[in-house]
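Below is one structure; the comments refer to it alone.
What you see below is based on every heavy atom in this structure, not just the backbone, and it leaves out hydrogens, waters and symmetry mates.
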Amino acid sequence: MSEHDNLQDADGKNKADLEKNDAVETHDIQSDTADAIQAESEKKTEKLDSDAIELKHKVEASIEDDAEDDLEVETEAEVEDKIESEDEAESESKTGEDHVDEIEASNAEDAEDESNAERHTIEDKDYSTLSMEKLVQEMEGLLKHHKVQNISKKINEIKSEFNSKFSALLEEKKEEFIEAGGNIIDFYYTSDAKKNFGAVYKKYKHDINAYYNDREKQLKENLKNRLEIIENIKGLLNVEEHINTTYKTFKDLQEQWRNAGPIPRDKYNNAWNTYHHHVERFYDFLHLNRDLRDMDFKHNYEQKLKIIEQAEALAQDNNINRAFRELQVLHKLWKEELGPVAQEFRETIWERFSEATKAIHDKRQEYYADLDKAHEKNLEKKEAIIEQIHAVNKDESNSHGAWQKKIKQIEALREEFFNAGKVPLKKNEATWTKFKSAVRDFNRNKNKFYKNLKKDQYDNLQKKLDLIKVAEDNKDSDDFETVTPLMKRIQNEWKKIGHVPRKDSDKIWKQFKNACNAYFDKLHAEKKAENQELYDNFDKKSALLDEIKAFETTDDAKADIETLKAKVNAYRSIGYVPQNKRFIDGKFNKAIDGAFAKLDVDKSKLEMIRFDNKLKNLSQGEDTRLLDNEQNFIRKRIDEIKGEITQLENNLQFFSNVDDDNPLVKDVHKNIANHKKDLETWKSKLKKVRDMYA
């Protein structure tokens with residue numbers, strides 16, 4: 001909505017009517033009539049005039065002081081005090097007056113600067129849910145995208161929330177510092193977020209200081225001009241001249257008033273009330289020329305009825321904040337753009353406008369009441385979270401793992417607390433204090449546990465240092481029979497000791513490992529020298545393994561088989577390898593199987609070749625247990641195959657009346673043939689195993 005909607009002729013000027021009224025016969029102003037008018041309004045005027053005169057003197061004195069001081073720049077502290085006092089004045093006006101006063105107080109603030117209305121469009125946010133880093137970002141965004149005079153309330157909310165969070169963090173860090181043995185006198189802590197916040201807030205204070213210094217002189221000058229206009233309107237009642245000339249002078253003064261610019265918010269209502277009073281007095285004086293007066297009265301009456309209708313329509317708008325802002329505009333139009341109406345309508349239309357205002361005001365109060373209920377629910381959530389923190393504090397689990405779990409629980413509860421939303425303003429400080437106290441108790445218990453844990457870790461550190469000394473004292477020993485069990489024992493003890501301080505952990509482990517490795521490397525070198533033949537065998541077998549991996553088939557399968565057999569025989573003839581290198585046998589057998597698989601040979605024949613290779617592995621040494629196990633396995637497998645053949649042959653009896661060409665019958669005959677072929681292979685394997693015993 002614009003302030004000028006439907007009010008194109010709000011100033012009441014109509015050139016045709018003015019020219020017409022110039023021809024109207026003007027009568028001398030009778031002194032008794034003027035006295036009657038003066039008497040009628042004397043009581044009402046007395047106080048307004050007194051206030052206006054006093055206000056004028058103060059403004060003039062203030063302007064003179066400014067001239068003498070050459071606009072002395074205010075300190076940042078003075079600017080902050082001014083912002084806070086203005087916010088308090090606005091708050092008191094809203095809570096201590098009625099529904100109209102709330103509108104007028106808001107319009108008075110907007111009147112200081114046309115851009116002040118922007119403050120209504122800034123998004124409300126629950127800053128309690130944001131981290132310190134996010135709060136700094138929010139402040140930077142406000143300074144970047146909005147005029148500085150419109151963000152004071154938001155900046156103060158952010159400042160309060162940031163200071164609360166940093167204060168809690170500071171207390172935690174202080175307790176940790178003291179718990180670690182530090183002297184409180186030496187304690188100092190800051191963070192990147194704190195530094196960034198300080199820089200951004202300093203810029204805000206600089207900008208708001210500059211704004212108020214630039215604005216103050218102009219506001220006072222505008223107020224002085226408005227008070228002079230009021231004095232000039234008052235003087236029209238005593239001017240003896242053609243009434244049309246007086247009326248034109250009056251309309252010029254009204255135009256000057258409209259263009260006089262913003263004035264201080266605390267002088268706004270007083271100045272406007274004084275102005276309206278003297279405008280009404282002029283119209284009462286103008287009764288000697290009813291055409292001029294009634295023309296304005298009629299126009300103002302029609303426009304004010306439109307404003308009332310728009311206000312009554314706003315009461316149906318469900319967007320409470322938007323309706324309130326629109327209502328502010330209507331009140332501004334009523335007060336600043338339109339003059340009085342006929343005496344008999346003044347009270348009636350004002351009461352109707354006031355009732356429409358009250359309807360929106362009451363609806364807004366209900367909205368905030370519902371908001372308060374939501375805040376009460378948030379309060380219940382936060383109190384429940386605080387109780388959960390107390391419950392975690394009472395948990396007597398006292399291991400590192402348990403404390404790590406509790407730390408995660410508290411972090412989750414902290415996050416939940418910050419995301420729970422706003423609580424009633426009167427309960428906010430108490431709730432925050434209870435929350436901080438609960439978290440502080442947890443941190444104290446946590447710090448106490450880890451302080452004791454550190455003591456244990458330092459004890460463990462000393463034990464491990466003792467083991468390092470033993471290892472280093474014996475790392476060069478040649479008494480392998482005595483020292484080897486000792487080195488193995490201290491390695492086992494090391495594993496059982498437990499944690500040491502993190503800063504020492506890697507260092508002492510490397511020291512211990514190097515001492516142990518030095519000894520065992522020497523031991524292995526000694527053993528290798530004693531068993532060099534075994535290591536040579538390993539190198540030979542490794543070379544054969546590489547040859548098998550690289551094997552490629554030729555067109556002569558028989559020759560390939562013989563080549564592979566020769567490789568196997570060569571591998572078997574090499575002899576033993578060190579105990580810790582026997583894994584090479586498994587790799588070789590796997591490689592041989594892969595090489596045979598590449599050959600284009602009958603599968604059963606290939607299976608027997610592989611089996612021969614396997615038997616050679618099993619028959620090494622005098623121990624026959626491996627051969628026994630293989631023989632038992634083959635016998636079991638032969639019995640299983642015989643049973644499967646018998647079962648298939650029995651199944652054929654169900655197809656006695658079915659042709660042999662039937663697919664099912666053919667499939668059974670095929671399975672029987674395959675099983676019999678497998679049976680022959682397994683019997684051949686059994687014979688070969690038995691031959692190995694000869």
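D555 CG: 12 or fewer foreign heavy atoms inside a 6.0 Å radius. Heavy-atom neighbours of H669 NE2 from other residues, nucleotides or ligands within 6.0 Å: above the threshold of 12. Residue F633 places its CZ atom among 12 or fewer non-hydrogen atoms of other residues, nucleotides or ligands, all under 6.0 Å distant.
Put simply, the side chain of F166 reaches to within 4.5 Å of the side chain of M132, judged on heavy atoms. Between E133 and N196 there is no side-chain heavy-atom pair separated by less than 4.5 Å. Contact check for K165 versus E161: side-chain heavy atoms found under the 4.5 Å cut-off.
Atom CD of Q511 and atom CG of L467 lie 11.5 Å apart (nearest 0.5 Å).
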Item to complete: Starting from the C-alpha separation in whole Å, work towards a yes-or-no answer on side chain to side chain donor-acceptor pair (under 3.5 Å) for S397 and D395.
Response: CA-CA 6 Å; S397 301; D395 183 3; 2.9 Å; yes

Fill in: side chain to side chain contact (heavy atoms under 4.5 Å, CB included) evaluation trace for I548 with L564
CA-CA 8 Å; I548 295 298; L564 290 176; 4.1 Å; yes

Discussion item. Let's go through K677 and E680 carefully: what are the C-alpha distance in whole Å and the side-chain angles of both, what is the deciding distance for side chain to side chain contact (heavy atoms under 4.5 Å, CB included) to 0.1 Å, and is it a yes or a no?
Written reply: CA-CA 5 Å; K677 187 175 181 180; E680 291 302 317; 5.9 Å; no

Worksheet entry | Test log, rule side chain to side chain contact (heavy atoms under 4.5 Å, CB included), inputs D506 and W509 | CA-CA 5 Å; D506 289 342; W509 166 243; 5.7 Å; no

Item to complete: Starting from the C-alpha separation in whole Å, work towards a yes-or-no answer on side chain to side chain contact (heavy atoms under 4.5 Å, CB included) for N163 and K194.
Response: CA-CA 9 Å; N163 287 342; K194 178 64 173 175; 4.1 Å; yes

Discussion item. Run the salt bridge (charged side-chain N to carboxylate O under 4.0 Å, His left out) test on E493 and R489 for me, step by step, so that the C-alpha distance in whole Å, both residues' side-chain angles and the decisive distance to 0.1 Å come before the verdict.
Written reply: CA-CA 6 Å; E493 289 181 8; R489 178 173 60 79; 2.8 Å; yes

Discussion item. Determine whether D466 and Q462 satisfy the following criterion, side chain to side chain donor-acceptor pair (under 3.5 Å), listing intermediate values before the conclusion.
Written reply: CA-CA 6 Å; D466 293 341; Q462 187 57 51; 3.2 Å; yes

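The aromatic rings of F512 and W494 sit parallel, their planes meeting at an angle under 30°, below the 60° perpendicular limit. Note on ring orientation: taking the six-membered ring where Trp is involved, the planes of F520 and H524 are tilted (angle from 30° to 60°).
Among the candidates K642, K636, R637, the single residue satisfying the side-chain hydrogen bond (donor to acceptor under 3.5 Å, both in side chains) test with E640 is R637.
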All N/O donor-acceptor pairs, side-chain side in residues 411-433, below 3.5 Å, sequence neighbours left out:
residue : atom : partner : partner atom : Å
N419    : ND2  : E415    : O            : 3.2
T431    : OG1  : K427    : O            : 2.7
T433    : OG1  : E429    : O            : 2.8

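The pair E526-K522 does not count as a salt bridge, with every side-chain nitrogen at least 4.0 angstrom from each carboxylate oxygen. Under 4.0 Å is where a charged nitrogen must lie from a carboxylate oxygen, and between E138 and K134 no such pair does. In this structure, D536 does not pair ionically with K540, as no charged nitrogen and carboxylate oxygen lie closer than 4.0 Å.
In plain terms, the two heavy atoms of P485 and T482 that are nearest each other are CD-O, 3.3 Å.
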